[in-house]
Amino acid sequence: MVTAAEPGQGTLGVERFLADGFALRQHLADYLAIDAAELERRLPTSTAELAALHPGAFELEQAGRFYEDTVGTAHLLELAAWHLGSADYIADTLRLQQSFAQGHVLDFGGGIGSHALAAAALPQVERVWFVDLNPHNRACVEARAARLGLAAKLSCHRDLQDGRLPQRFDTLVCLDVLEHLPDPAGQLELFAERLSPAGTALLNWYFFKGHRGEYPFHLDDPVLVERFFRTLQSRFLEVFHPFLITTRAYRLA
């Protein structure tokens, strides 16, 4: 549900995120057409419900279809639970983004939209290009941007092949995504092609299915993981930042 821009939003800084996740509960309840009580009932079980949709062992090439078609709105709920329940960690990733984001920003696999929305509110950012396979993620983020008065600086797209996207980005954000891809090393190669020479990439990953198998949708194949790290080390150089988080900053090697 898209409504008129909400008053008094201003910059979507870290304190605003810690206060209400950029009105995440309200936005998500409206998008899903459920009341607040139903949303609170569903959030705690969202990770388990998303895992239950996973068919178990499948060909890695089917991962895209799983996120685009199978999960529906379940991914929105799981992402919302993660961002609300791990707000302090997400806040540090937003602080990191504030330190580097500028110009044209790609948020690849942007999910619930926290980073895309925060980036769009930064004065040094010209435009945010939100890319996500899941049509519900795109629709929800598009609605959130409209409500927060950011529609003019943020657009949503299915993939990097969309001809409306620029050929190069000044900032590239890819958080909690690489472990879901069938070929994370190949994705790094694509990122290297699309990052501007002076640009910065903010990346993290979690190649682990969980101690109890609670993340069946995460890649953990040792051969593919080693290829990922070899590609990362050959194509990118890490840039120091002071935040004690798993997200790292890179420039082209």
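Numbering of residues begins at 1 and proceeds along the displayed sequence.
- When only modelled atom types and interatomic distance are considered, Ser114 and His83 share a side-chain donor-acceptor pair under 3.5 Å.
- Trp129 and His104 form a side-chain donor-acceptor contact under 3.5 Å, judged by distance and modelled atom types alone.
- Asn204 and Glu179 get closest at one heavy-atom pair: O-OE1, 4.3 Å.
- Residues Phe130 and Ala116 share a closest heavy-atom pair of CD1-CB, 3.8 Å.
- Here the shortest heavy-atom pairing between Gly103 and Asp170 reads CA-OD2, 3.4 Å.
- Remark: Arg138 does not engage Glu142 in a salt bridge, criterion side-chain N to carboxylate O under 4.0 Å.
- Looking only at side-chain heavy atoms (C-beta outward), Thr247 and Leu175 come within less than 4.5 Å of each other.
- Taking a cutoff of 4.0 Å between a charged side-chain nitrogen and a carboxylate oxygen, Arg42 and Glu49 do not qualify as a salt bridge.
- Evaluation of the ring-ring contact (aromatic ring centres under 6.0 Å, His included) rule for Phe208 yields Tyr206, His211 as partners, not counting sequence neighbours.
- In terms of modelled atom types and a separation under 3.5 Å, the side chain of Lys209 and the main chain of His218 share a donor-acceptor contact.
- Between the side chains of His75 and Tyr67, no donor N or O sits under 3.5 Å from an acceptor N or O.
- Annotation for Leu43 and Leu77: closest pair CD2-O, 3.6 Å, computed over non-hydrogen atoms.
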- List the steps and the verdict of salt bridge (charged side-chain N to carboxylate O under 4.0 Å, His left out) for Glu68 and Arg65. CA-CA 5 Å; Glu68 185 164 16; Arg65 191 185 314 156; over 6 Å; no

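- Qualifying side chain to side chain donor-acceptor pair (under 3.5 Å) partners for Asp20, counting only residues two or more places apart in sequence or in other chains: Arg16.
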